[in-house]
Structure formats: C-alpha cells, structure tokens
Protein chains: 2
Amino acid sequence: MSEIKRQPLTEPVYYILLSLQTPLHGYGIMQNVKELTNGRVNIGAGTLYGAINTLLSKGFIAESDSDFAKKNYIITDLGRDVLRNELYRLRELVENGERILEGR
Amino acid sequence: MSEIKRQPLTEPVYYILLSLQTPLHGYGIMQNVKELTNGRVNIGAGTLYGAINTLLSKGFIAESDSDFAKKNYIITDLGRDVLRNELYRLRELVENGERILEGR
DNA sequence: GCTGATATATCGACTATCGATATATCGTTA
DNA sequence: TAACGATATATCGATAGTCGATATATCAGC
C-alpha cells in the first residue's frame, strides 16, 4: 500500500470526499455535509476552500464542469482509494473501542 | 449533552483514552497503542506528553499511583463519557461511509 | 431597490501532530 | 565494570488543519 493512500483523514476532509461521488461545488459540499450529519458537522469557509486546494494538489479530487459562478469538483480514482482506506481505519477504531469499552 | 463531552477526538487522543481503562504510564501507553493497532499508530513523544497535559487539564484523565520513576494515569468518569460519545461519532462516520461508498 | 440565500476566497488565532533532541535509569552481557 | 539497548519523561520547532470573521459578488423574491 502506497503511503499516500493511507494517511488518516480529518472529519471535514472525509465528508468533503464523501460528498464528491458526483460533481458538486463548494457551497453545495457545506450544505451536504451539514445534512448528512444532521447539523453536527459544520465546515467553516476557511476549512472548505483550504481543503479543496489541498485535495486538488494531492489529486484526490478534480475540477469538473465548472461554470463562471460555480466551481464543481469530483473525487478521483486515487481519492476513492484513500476514502476506502479511511473507512477501514475507522472500522478499526470502532472495533477497538467496542472491544475495550463494551467487552466484545 | 454538554459541549465538552462531544468534541471530536484525534486518533492519538482516542487511543490514549482507550489505553487508560486501567492505570498506565506514558511509555506504556505508547507501546499499548502500537500493539492495539498492529504497529500502525505510533504516538510521538511530543504528542504523548502534550496530550497527557491537555487531558489532565480537561479532567479526562487523572494521575494514579505514581512512583518516582513512572507517572501512572487513569481515565475519569468524564473521560469515559467523552470516549463513549466519540465511539458514537465514529459509528456515524462508518455508517455514512458504508451507505455512500457501498450503497447500503 | 432591499434583503437573505447562494457562492468563493483570504486572514489570523489556535490547536494538534510529529520527529529531533535531551536527560536519566535499568537490565543484560561482554 | 563498562557498554549497550530498552525504558521513561520532557521540551522544542516545523508543519498542517480548523475555525470564525471578514470581504466580495450574484441571484431570487418581495
């Protein structure tokens, strides 16, 4: 497994990548994440646009069908690999937590 | 739910709290986390001792039966509440990931 | 025309992480 | 007994991520 594919993701970045299975623009990501988490996760503007630039430069997302007012993004194959690995990592956290806290 | 009980935990802090169900010292935490995660999570010294101080000041852990060479710590009731909430948050991340990535 | 929602972007403050560095003790073994 | 690696605590600086505030502009409805 290459290093780049198994970096832990922060919660905002995880939800940004989950939101980009189909093309979506920045503001739409904000709303989508808020809805997905029933209002719990509110991505700040600074986080969002900073994260988008970082994800673009890492090749985890790409620009897609932007018009003059809205820039749309979509996850790349590399981004999907990273996201799948993150899901494994999260399952490990949950399993360890359940085993230790609930004695399973 | 009070604010302090639902702050997202970072991975190192999560594993530090999981390690302190029984009294343990700093270096023991390092080793325990490495073992729990099959070598994947390696908590740096700076992270560990910085996190211990933060957790002490927040009341999530407390000192317990230290001797001159080893300082032992244990999770508090507040810390256990925080850890349980973190487990709920992680399950939400996993469920959202599975639903969106695997169409469940 | 006014207002609020939509939309992108930058800034500074803050926090956490990490590896490097430092110091000291302990047990083994050459 | 001297040397070594493991144990153990602690600080430092570099880096990166998050957040809220601020700024700017467009768009729809009233």
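Lettering follows sequence order; numbering is per chain, from 1. The model shown is predicted, which means the values in this text are computed figures rather than measured ones.
Along DNA chain D, read 5' to 3', the first and last nucleotides having any atom under 4.0 Å from a heavy atom of chain A are D:dG17 to D:dC27.
Between B:Tyr15 and A:Asn96 there is a side-chain heavy-atom pair separated by less than 4.5 Å. With a 4.5 Å cut-off on side-chain heavy atoms, B:Ile61 and B:Ile74 do not count as touching. Side-chain contact between B:Leu90 and B:Tyr14: present, with at least one pair of heavy atoms (C-beta onward) separated by less than 4.5 Å. A heavy-atom distance below 4.5 Å is found between the side chains of B:Gln21 and B:Leu83. At least one side-chain heavy atom of A:Leu101 sits less than 4.5 Å from a side-chain heavy atom of B:Leu87. Using a 4.5 Å heavy-atom cutoff, the side chains of B:Glu98 and A:Arg91 are in contact.
Listed by first then second residue, pairs satisfying salt bridge (charged side-chain N to carboxylate O under 4.0 Å, His left out) with a partner in residues 26-39 of chain B number zero, not counting sequence neighbours. Note on residues 42-53 of chain A: no pairs pass salt bridge (charged side-chain N to carboxylate O under 4.0 Å, His left out), not counting sequence neighbours. For residues 15-26 of chain A, the set of pairs meeting the salt bridge (charged side-chain N to carboxylate O under 4.0 Å, His left out) definition, not counting sequence neighbours, is empty. Sorted pairs that involve residues 46-57 of chain A and meet side chain to side chain donor-acceptor pair (under 3.5 Å), not counting sequence neighbours, are lacking altogether.
With sequence neighbours left out, B:Asn32 forms a side chain to side chain donor-acceptor pair (under 3.5 Å) with B:Ser19. Judged as a side chain to side chain donor-acceptor pair (under 3.5 Å), and not counting sequence neighbours, the contacts of A:Glu63 are A:Ser66. In terms of the salt bridge (Lys or Arg N to Asp or Glu O under 4.0 Å) criterion, residue partners of A:Glu92 (sequence neighbours excluded) are, by chain and number, B:Arg40.
At a non-hydrogen distance threshold of 4.0 Å, B:Thr10, B:Pro12 from residues 10-23 of chain B come into contact with DNA chain C. Within residues 30-40 of chain B, the residues that place at least one heavy atom under 4.0 Å from DNA chain D are, in residue-number order, B:Gln31. Residues from residues 41-56 of chain B that place a heavy atom under 4.0 Å from any atom of DNA chain D, listed by number: B:Ala45, B:Gly46, B:Tyr49.
Here the C1' atom of nucleotide C:dA5 and the NE2 atom of A:His25 are 12 Å apart, to the nearest Å.
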Verify side-chain contact (heavy atoms from CB on, under 4.5 Å) between A:Tyr73 and A:Ile52, making sure each step is shown before the conclusion. CA-CA 9 Å; A:Tyr73 304 96; A:Ile52 284 174; 3.6 Å; yes

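Rounded to 10°, the angle separating the first-five-pair axis and the last-five-pair axis of the helix from C:dG1-D:dC30 to C:dA30-D:dT1 equals 10°.
Proximity of a side-chain donor or acceptor of A:Ser64 to a complementary backbone N or O of A:Pro23 within less than 3.5 Å is not detected.
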